[in-house]
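See structure below.
Note on naming: letters A, B, ... go to the chains in the order of the sequence lines (proteins, then strands), and numbering restarts at 1 for each one.
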Amino acid sequence: MSLLGDIITIVAVSAGAFFFLAGTVGLLRFPDTLTRLHALTKADNLGLGLVVLGLLPQAASLRDGFKLVSIWLLGLLAGATVSQLIARAARQGESAR
Amino acid sequence: MLPPAPAPDAATTTSGFLLVLSIVVPIAGVLLAFVLGGRYVRLVAHTIIPFGVAIAGAILLALPQNEGPLVYLLGGWPPPLGVALRADGPSAVMLATTAIVICAVAIYAAADFSVPAAETRAPFAFWILLLAVWGALNTIFLGGDLFTLYVALELLTFAAVPMVSLDGRAETLRSALRYLLFALLGSVFYLVGTALLYGLHGTLDIVLLSRRVGAEPAALVAAALMTTGLLAKSALFPLHLWLPPAHAGAPAAASAILSGLVVKGSFFIVVRLWFNVLPGLPGFAATQLLGALGAAAIVVGSMVALRQERLKLLIAYSTLAQIGYLFLMFPLAYDASGRLASGDALAGGLLQAVSHATAKAAMFMAVGSIYAMLGHDRITGLGGVARASPLNVLAFALGGIALMGVPLSGAYLAKDLLLRSANENGQWWWEIVLQAGGMFTAAYVVLVLAHALAASDKPIALAGPTSRIRDAAPLVLSLCSLLLGLVPLGLYLPIPSDMTSSLFGPGILSKLLLPVLGGVVIAILLSPWPHPLASSTSGKAIMTGATRVRRGSLALGYLVERTDEALSQWPAASMCLLLLALLLGALMCVAT
Amino acid sequence: MSIATIFEIVLAAVVLGLGIWTIVVRETYSATVGFVAYGLLVALIWVRLDAIDVALTEAAIGGGLGGVLLLGAAAQLRDSEPAVTDAAGNAVRVCAAILSALTAATLAGAVLVLPDPAPTLAPAAVSNAWATSLANPVTNVLMAFRAMDTMLEKVVLLLAIIGVWSLAPDSAWGGHPGPRHQADPHGVLVFLARLLPPIGIVVGIYVLWTGANHPGGAFQGGAILAAMWLLAIMAGLADTPPVSSRRLRLILVAGPGLFLVVGIAGLLFGSAFLSYPPAQAKPLILAIEVAMILTIAATLGLLLAGAPERRTGQ
Amino acid sequence: MSGVTVFGLCAAAAVGLGLYGLITNPQPLRKIIAFNLLGSGVFLLFGVIGRRGAAAGMGNDPVPQALVITGVVVAFSATALAIALVLRLFQTTGSTTLSNAAPSGTGSNPSGD
């Protein structure tokens with residue numbers, strides 16, 4: 001059980017870290033705000049989700065697991081809203097120009 | 001691992017609760033005034049102040065009856081885990097001084113910051129900040145823990161900075177911002193030092209540290225950083241860029257608090273640090289450095305003060321000079337044993353601090369009244385003021401005379417104590433500085449009085465009404481400073497008993513005349529403005545003979561002023577701060 | 001060299017890199033963004049130092065709210081940047097760099113030569129925890145052993161509020177701090193401001209409650225509550241209260257006030273000022289912390305909102 | 001080389017960086033940011049010292065931790081007050097320069113060396 005849990009953790013967290021890396025590279029390399037946001041949010045949400053998923057088997061109690069999942073959900077919510085706001089600000093800035 | 005050290009000062013003494021009250025009462029006043037607001041702010045302040053004065057008086061009475069300091073363990077927790085409050089002689093004297101000055105300023109400011117039916121900004125802020133300064137200072141004087149002192153220091157800064165910009169003009173905002181940023185830099189330096197001391201000895205309690213601190217490298221670094229940070233907050237030359245604009249731009253009552261009391265807070269912590277925490281650490285060279293900075297402050301501050309056109313700026317610069325004077329106690333306290341002795345020099349320095357607190361607050365208040373009456377404070381336009389407002393000019397004169405160090409005054413006793421320890425320790429060069437300091441002070445007092453006493457060709461248009469009670473406050477305060485020598489301070493400060501009797505000795509006339517005459521000469525030589533002194537016939541005769549000398553000294557004064565301007569730029573001053581910290585650290589390292 | 005050490009070195013390097021960027025980057029706005037990132041990574045260092053309470057505080061107040069404060073100011077000052085031409089000359093830069101480096105090196109040397117084994121008060125703090133029956137030693141230090149510092153620091157917060165308010169124009173005294181925010185009522189910001197605060201308030205209270213025995217406490221919880229309040233203000237769902245409001249002022253002094261009252265009760269009826277009778281220590285401390293979380297949330301929120309600038313109805 | 005050493009050096013470097021920024025950056029807001037950097041370096045120093053004092057089942061001495069929490073709140077208040085001053089100065093004069101010379105900033109040499 002613990003071995004299986006550890007394997008899941010290693011695989012999922014590594015995958016999550018990969019997505020974070022990809023997202024960061026996209027953030028740095030893409031040319032404009034909207035594409036950067038695209039790279040960032042897609043990868044961040046997925047990356048965070050995978051990391052949380054990977055950590056779930058390590059959670060000591062149900063309460064800890066619940067906390068982990070709510071971190072992911074809150075991250076999703078914040079990421080989605082903020083990128084919406086940034087995108088809107090970026091578009092307004094473009095149309096004003 | 002940490003045995004509870006059974007020590008005489010690790011238990012609450014009988015009157016210890018007074019120490020708690022002297023901090024809690026002003027702070028309760030802050031909270032109460034904030035909630036009630038409106039018309040009640042001044043009422044709360046004026047109700048709290050008598051209580052605070054009574055508590056300070058009770059501490060003064062209780063201390064001599066107790067063997068050793070009064071101690072209170074907060075929450076009953078002994079150090080190192082808990083925090084102790086301690087009152088020894090110096091703290092009791094400073095507590096009493098603060099209470100008196102706050103009381104006088106509160107009376108003086110009652111009209112300036114009167115409270116109309118609807119709440120207005122400036123009175124609301126002023127009265128609360130006044131109480132907050134008081135609470136912070138009392139915590140500084142009583143705190144027995146270096147981190148509690150840090151919080152109190154920040155409390156003091158946060159109460160002092162808004163006072164600078166109370167009237168909201170652009171230049172006062174700028175000076176407040178400068179003050180805040182430089183003070184924050186100073187407190188960060190202090191905080192680094194506390195971190196290192198905790199890492200070395202696992203406690204921040206002053207008494208415990210004094211037993212444990214040795215000449216470890218980290219302790220030296222901590223001492224250098226903390227001292228430099230506190231010097232920045234006390235505006236010792238060359239770290240004074242924030243002081244003149246801040247103190248000159250604030251409303252008169254606020255200037256009195258800032259110049260009289262606030263800078264004494266950080267000065268007091270330097271004294272605590274060097275005399276109580278690590279008396280054996282600094283060594284000869286570091287104490288000489290502090291004294292040299294003090295001497296430089298006296299020369300530069302006084303020379304620039306004499307070149308000011310505005311009276312408030314003149315007083316602000318003279319504060320710089322007198323802060324320098326305070327730091328002369330450090331080299332003089334260093335005796336043959338290689339430690340800072342809590343003897344004559346300590347008593348002299350603290351006495352000087354008390355004299356300056358009372359006299360300078362009185363002078364700022366008197367000048368504030370003159371400013372309000374004339375609508376300006378140009379020194380050359382002061383003619384006829386003595387007739388229009390005799391009480392205020394008298395208060396200014398008495399405050400100035402007290403600071404010159406004429407017999408009976410606290411500054412006189414302080415100078416005598418410092419001279420005596422200079423003599424005992426064979427550091428004759430500080431005797432010159434001490435005498436020169438008195439003369440420089442006399443110079444600017446004489447200069448201002450000469451203008452104020454001169455007859456005016458046109459009558460003075462009074463810009464505002466005057467009130468007797470308001471004029472009495474600075475007068476009483478400067479009398480306090482003038483008669484300080486008669487107060488039996490030997491109970492609290494290590495003053496030898498033969499000092500007070502020497503007040504009335506022979507030679508008293510020469511001691512009175514020497515600073516005044518020196519001051520007149522300096523004032524003529526260094527002030528660039530047309531002199532009422534010089535326009536009298538005898539003055540003219542001297543002037544023609546001395547024109548060349550005067551031209552030379554004026555050029556010197558100009559040079560000093562430009563140097564001061566250069567050092568008052570932000571990058572220069574902050575680099576001086578770092579340089580000073582490194583230098584102090586290096587000197588202490590060499591000494592051990 | 002273990003993996004943990006390598007991770008720590010990388011973390012420290014990234015933090016320092018961000019710090020350098022924050023100092024040298026040209027635009028102020030970029031510098032603030034860099035500082036926010038720096039603050040969040042510093043919180044990670046605190047986790048590595050096994051100081052979770054501080055990590056929470058640093059992330060919430062140092063990085064989070066401090067970042068909001070700086071970003072807001074940078075946005076308002078954007079126009080002022082071309083006016084500032086008095087940049088330091090090269091000689092100044094070199095001198096400053098040398099002096100700062102020397103100071104940092106001295107400091108580093110002093111830290112490296114600290115004695116081993118290090119002195120510590122951890123055993124004393126743990127063994128005296130009976131007095132409060134709280135299991136989190138940090139809370140014990142803050143609320144019992146060094147309660148004076150905590151109380152004074154609450155007064156510092158209050159003075160900061162008074163200082164900020166004292167900068168208002170006279171005509172605006174008694175009015176609301178900060179601008180009145182408007183947002184599209186169907187927009188995403190309003191949506192977030194309706195959805196998040198209930199969750200945030202629960203989390204804030206949880207952080208306070210758990211602070212008795214685990215990392216957390218009034219500061220961290222108060223910062224979360226303040227953030228929720230600010231979100232509602234920015235979405236236009238709530239307005240900052242006028243500074244003349246008596247209720248607001250009561251909330252702003254509740255924390256230090258209750259602290260003071262309990263302290264004086266200890267002086268009069270108990271053993272000492274700021275001492276708690278062991279039987280009632282926990283409920284008393286919790287009561288103070290509840291008052292403090294309200295005070296802290298209101299204070300932090302108002303410090304971000306700034307000086308009063310408009311009367312009611314404007 | 002342990003975590004304590006790494007972070008101790010990091011803290012000292014942050015202090016140095018903050019000092020440099022505080023001295024050389026002319027804009028007050030940048031000075032405030034530098035002050036925060038400086039402050040966080042000092043707090044880290046406390047953290048490192050607390051970490052060295054780990055004992056009695058605590059990974060970090062609770063006393064320095066409590067001091068840092070107090071310090072962080074004080075530093076935040078200082079930042080808020082300083083920023084309020086800067087913003088008010090900007091509203092009043094349209095500039096945020098700290099030097100006493102005319103706010104036009106032409107030709108003044110504030111370097112002071």
Side-chain angles (χ1 to χ4, degrees), chain B residues 1-2 12 17 20 24 27-28 30-31 34-35 37 72-77 80-83 118-122 124-125 128-129 132 135 139 147-148 151-152 154-155 158-159 161-162 165-166 168 173 192 196 198-203 216-218 221-222 571 574-575 578-579 581-582 585, chain C residues 88 92 95-96 99-100 102-103 106-107 109-111 113-115 118-121 123-125 128 131 141 144-149 151-153 155-156 158-160 162-170 173-174 244 246 249-250 252-253 256-257 260 263-264 266-267 271-276:
Chain B
M1 179 158 183
L2 283 162
T12 297
F17 71 95
V20 174
V24 163
I27 287 187
V30 169
L31 302 183
F34 183 79
V35 172
Y72 193 90
L73 305 182
L74 293 164
W77 296 105
L81 192 57
V83 174
E119 183 177 287
T120 46
R121 184 185 60 87
F124 174 80
I128 295 180
L129 295 174
T139 316
F147 190 79
T148 307
V151 180
E154 292 296 56
L155 202 57
F158 278 59
V161 168
S165 59
L166 265 187
L173 289 170
V192 177
L196 289 177
Y198 185 87
L200 270 174
H201 300 294
T203 179
E216 304 96 342
V221 174
S574 43
M575 284 196 284
L578 295 193
L579 201 59
L582 293 168
Chain C
V92 173
C95 285
L99 286 172
S100 313
L102 273 177
T103 313
T106 315
L107 202 55
V111 177
V113 300
L114 284 178
T120 173
L121 289 176
N128 283 307
V141 174
F145 308 141
R146 301 188 67 99
M148 188 68 169
D149 294 350
M151 201 263 290
L152 287 176
E153 171 247 54
V155 183
V156 168
L158 183 67
L159 281 187
I162 295 168
V164 170
W165 286 2
S166 81
L167 298 169
D170 274 318
W173 184 256
S244 56
R246 184 65 53 84
R249 291 192 182 174
L250 273 174
L252 287 177
V253 302
L260 215 54
I264 292 173
L267 182 66
S271 57
F273 181 69
L274 287 174
S275 71
Y276 313 97

- Message: Less than 4.5 Å to any heavy atom of chain C: does that hold for the side chain of B:Ile128, its backbone, both, or neither?
- Response: side chain
- Nearest heavy-atom pair of B:Gly168 and B:Leu173: which atoms, and what distance? O-CD1, 4.0 Å
- Region of B:Ala159 that comes under 4.5 Å of a non-hydrogen atom in chain C: both
- Task: Please step through side chain to side chain contact (heavy atoms under 4.5 Å, CB included) for the pair B:Val20 and B:Leu74, ending with a clear verdict.
- Result: CA-CA 8 Å; B:Val20 174; B:Leu74 293 164; 4.2 Å; yes
- Item | Top contributor to chain C contacts, counting heavy-atom pairs under 4.5 Å, from B:Thr148, B:Leu81, B:Val161, B:Val24 | B:Leu81
- Which atom pair, heavy atoms only, marks the closest approach of B:Ala218 to B:Leu196? O-CD1, 4.0 Å
- Could you tell me which portion of C:Leu260 (side chain, backbone, both or neither) has an atom closer than 4.5 angstrom to a non-hydrogen atom of chain B? side chain
- Note on the structure: Residues at least two apart in sequence or cross-chain that pass side-chain hydrogen bond (donor to acceptor under 3.5 Å, both in side chains) with B:Ser574, listed by chain then number, are none
- Message: Taking side chain as everything from C-beta outward and backbone as N, CA, C, O, which of these in C:Leu152 sits under 4.5 Å from a heavy atom of chain B? Side chain, backbone, both or neither.
- Response: both
- Message: Only pairs of heavy atoms separated by less than 4.5 Å count here; which of B:Val35, B:Val151, B:Val83 has the most with chain C?
- Response: B:Val35
- Task: Select one option (side chain, backbone, both, neither) describing which atoms of C:Leu99 are under 4.5 Å from chain B's heavy atoms.
- Result: both
- Sequence neighbours excluded, the answer for salt bridge (charged side-chain N to carboxylate O under 4.0 Å, His left out) partners of C:Glu153 is none
- Please report the shortest heavy-atom distance between B:Pro162 and C:Ser166, naming the atom on each side. CB-OG, 3.7 Å
- Based on non-hydrogen pairs under 4.5 Å, which of C:Val111, C:Thr106, C:Leu158 is most in contact with chain B? C:Leu158
- Item | Winner by heavy-atom pair count (cut-off under 4.5 Å) against chain B, out of C:Asn128, C:Leu102, C:Val164 | C:Asn128
- Message: Let me confirm one number: the SG-CG distance from C:Cys95 to B:Leu579, rounded to the nearest 0.5 Å.
- Response: 9.5 Å
- Would you please indicate if the ring centroids of B:Phe124 and C:Trp173 are separated by under 6.0 Å? yes
- Measuring heavy-atom distances to chain B, does C:Ala160 have an atom under 4.5 Å in its side chain, in its backbone, in both, or in neither? both
- Contact winner vs chain B - C:Leu159, C:Leu250, C:Leu107, C:Val113, heavy-atom pairs under 4.5 Å: C:Leu159
- Task: Go through B:Val30, B:Thr120, B:Ile27 and name the one with the most non-hydrogen pairs under 4.5 angstrom from chain C.
- Result: B:Thr120
- Message: Heavy-atom pairs under 4.5 Å with chain B - which of C:Arg146, C:Met151, C:Arg246, C:Met148 has more of them than the others?
- Response: C:Arg146
- Non-hydrogen atoms of chain C under 4.5 Å away: do they reach the side chain of B:Leu582, the backbone, both or neither? side chain
- Message: Heavy-atom pairs under 4.5 Å with chain B - which of C:Leu274, C:Leu167, C:Val156 has more of them than the others?
- Response: C:Val156
- Name the member of B:Phe17, B:Phe34, B:Phe158 that forms the most heavy-atom pairs with chain C at distances under 4.5 Å. B:Phe34
- Query: Which pair of non-hydrogen atoms, one from C:Ala125 and one from C:Val141, has the smallest distance, and what is that distance?
  - Reply: CB-CG2, 4.5 Å
- How far does CG of B:Leu31 sit from CG of C:Leu252, to the nearest 0.5 angstrom? 11.0 Å
- Message: As an exercise: rank B:Gly585, B:Gly199, B:Gly82 by heavy-atom pairs under 4.5 Å with chain C and give me the winner.
- Response: B:Gly199
- chain B shares the most heavy-atom pairs under 4.5 Å, among C:Gly263, C:Ser244, C:Gly257, C:Ala168, with C:Ala168
- Residues C:Leu121, B:Thr203; criterion side chain to side chain contact (heavy atoms under 4.5 Å, CB included); working and verdict: CA-CA 8 Å; C:Leu121 289 176; B:Thr203 179; 5.7 Å; no
